[in-house]
Amino acid sequence: MSAFRKLKALALGQNTDIDQTAAQLQSAAIPVSDAPCRGCADPCDEGHDEYPKFDVDMETEMLGSVKPYARQIVISTGKSDWVREVTDAKGTLAAYVDELSSSGRPPKDKDSKKPKDKGAAGTAPTANGGGGSGAAHVPGVFDSANLAKNKKVTILNGSHRTVCHDDEKETVLVFPDYKIVTEVDRSHEGAEQLWNHAVSPSVELHAVPEGATTVRSWVIPYSCVILLCSHKRRDNRCAIAAPKLQHALTLALEREGWEVHTQPDDPSIHGPSLEELSGSEDEKHAAVLQKLKEVHPTVAQEKRALILFCSHIGGHKYAGNVIINTPRGVSVWYGRVTPHEVDAIVKETIIGGKILPALLRGGLNLYYPGHKSLNDW
């Protein structure tokens, strides 16, 4: 199988040269690390967990395997596995939101094998106004500059339980806005409130919530949120990889002095909701950015990470699959991750703000001209 994939990659003219990938990322003003992804020997001499033998595509080009999207939501379920298509499960918030998302979605291409739009460089509206120059094109890397143009909303289920007192109300994480939205009814009406308040392409990035609503939102009170695909009904490899990666990430982050949670705090213990902000629109917007800055890893007094399992994100042939979200609106998608690469991910990407080219599938808001780290504020 691996020999066939290698021949296929060559026939398609895919780039499998990591040095070439690194140069491509650097030319697009994406901060890159030159550290090795794996710091231990092969075979491992540091006691890292090993996966049982399963087939992972190590041959074909992984960069560009992320489909275009503008926002991603992660809905509370308290589970680590779900039906094959989470948006097909009747009576769930995922299904209700998908109905709203689909109403504004362009029709699918009839030829499913036709290459998708691989991304466009542009100005990434990160939390502090940084962004890309648009000087280079990197497949699978997108930005949030034009939410009205790229309307795609990725709907995931998460392993977190709702923080609401009423179990019928869901808690939803919204990226790249880096918001946690509570009191969302599991109904058509609840989905509409969530959509109009925080998810619709008409809602600007980091916008101050407006209008009468029963939902409440806060900046996520963590310095990063890590999503691990664990969707067994889609592919057992992800279900095997996710708990091992969670364990390895927890140990690596704790060694660096971070606190790690696998369930989110009730955000109300950290202060009033964004709906309660007062002042002019400019003043409220500045307050949102300040709250984001306060939890950013270069600023936060207490560095905390939230690690969640999530439903299928595509690319299960590249298991384990990891998404790292930060308060600046950055989302880094990594594939082919094993516990052996976790130390490098923590030190180089989560703390250092630099991309490991060999692991990159794509991401959101990675262009950052004039900066050596995605963590620069």
Side-chain angles (χ1 to χ4, degrees), residues 31-33 35 37 39 48 72 74 126-128 130 158-160 163 171 173-180 206 217-228 242-272 274 287-310 320 322-334 337 339 341-356 359 363-366 368 371-377:
V32 171
S33 171
C37 294
H48 295 140
Q72 183 173 81
V74 188
T126 48
N128 63 331
S159 59
H160 57 302
V163 300
T171 298
L173 308 184
V174 182
F175 301 107
D177 306 69
Y178 215 72
K179 289 179 181 178
I180 180 168
H206 307 306
S217 59
W218 287 260
V219 165
I220 297 173
Y222 292 89
S223 295
C224 76
V225 178
I226 304 170
L227 303 177
L228 307 174
K244 291 183 179 294
L245 290 176
Q246 182 194 64
H247 178 67
L249 282 160
T250 299
L251 293 179
L253 285 162
E254 288 178 344
R255 283 195 294 268
E256 298 294 334
W258 286 53
E259 184 178 319
V260 179
H261 292 190
T262 56
Q263 292 294 330
D265 283 343
D266 180 343
S268 65
I269 68 175
H270 297 281
L274 299 181
V288 172
L289 296 183
Q290 180 59 33
K291 290 178 181 294
L292 287 164
K293 187 174 182 178
E294 288 171 358
V295 297
H296 195 265
T298 60
V299 178
Q301 293 183 349
E302 294 183 358
K303 296 175 176 58
R304 308 191 315 156
L306 176 64
I307 304 178
L308 300 177
F309 297 141
C310 70
V322 179
I323 304 177
I324 301 164
N325 297 286
T326 78
R328 268 199 61 250
V330 169
S331 295
V332 180
W333 292 52
Y334 281 154
V337 180
E341 287 79 40
V342 162
D343 284 343
I345 290 173
V346 168
K347 292 177 181 178
E348 298 300 318
T349 302
I350 295 175
I351 296 175
K354 296 183 178 182
I355 297 299
L356 294 163
L359 301 178
L364 200 62
N365 299 330
L366 304 186
Y368 208 17
H371 296 268
K372 296 182 178 180
S373 169
L374 290 169
N375 287 344
D376 289 347
W377 193 267

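Along the sequence shown, residues carry numbers from 1. Computed from a predicted model, the values in this text were never measured in an experiment.
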Kindly give the heavy-atom pair with the smallest separation between [X] and [Y], and that separation in Å.
X: A35; Y: L356; value: O-CD2, 3.8 Å
X: N325; Y: S331; value: OD1-OG, 2.6 Å
X: P176; Y: H206; value: O-CE1, 3.8 Å
X: Y368; Y: W377; value: OH-C, 4.2 Å
X: L374; Y: I355; value: CD1-CD1, 3.9 Å

Are [X] and [Y] close enough that some pair of their side-chain heavy atoms sits under 4.5 Å apart?
X: T262; Y: S159; result: no
X: L306; Y: H160; result: no
X: I324; Y: I345; result: yes
X: L289; Y: K293; result: no
X: F175; Y: I323; result: no
X: P339; Y: L245; result: yes
X: P297; Y: P327; result: yes
X: H296; Y: N375; result: yes

Between [X] and [Y], is there a donor-acceptor pair closer than 3.5 Å when you use the side chain of the first and the backbone of the second?
X: N365; Y: G329; result: yes
X: S223; Y: V295; result: yes
X: D343; Y: A252; result: no
X: T171; Y: V163; result: yes
X: S373; Y: G352; result: yes
X: W218; Y: K179; result: no

Assess, by modelled atom type and distance only, whether the side chains of H261 and E259 contain a donor and an acceptor separated by less than 3.5 Å. yes
To the nearest 0.5 Å, what is the distance between [atom1] on [X] and [atom2] on [Y]?
X: K347; Y: K354; atom1: NZ; atom2: NZ; answer: 14.5 Å
X: L249; Y: I307; atom1: CG; atom2: CD1; answer: 5.0 Å
X: I226; Y: I350; atom1: CD1; atom2: CD1; answer: 3.5 Å
X: C224; Y: Y178; atom1: SG; atom2: OH; answer: 6.0 Å
X: E294; Y: H270; atom1: CD; atom2: NE2; answer: 12.0 Å
X: L227; Y: L308; atom1: CG; atom2: CG; answer: 6.0 Å

Determine whether Q246 and V260 satisfy the following criterion, side-chain contact (heavy atoms from CB on, under 4.5 Å), listing intermediate values before the conclusion. CA-CA 10 Å; Q246 182 194 64; V260 179; over 6 Å; no
side-chain contact (heavy atoms from CB on, under 4.5 Å) assessment of Y222 paired with D265: CA-CA 9 Å; Y222 292 89; D265 283 343; 3.6 Å; yes
Go through the steps for V342 and H48 under the test side-chain contact (heavy atoms from CB on, under 4.5 Å), then give the verdict. CA-CA 10 Å; V342 162; H48 295 140; over 6 Å; no
side-chain contact (heavy atoms from CB on, under 4.5 Å) evaluation trace for Y334 with T349: CA-CA 11 Å; Y334 281 154; T349 302; 2.7 Å; yes
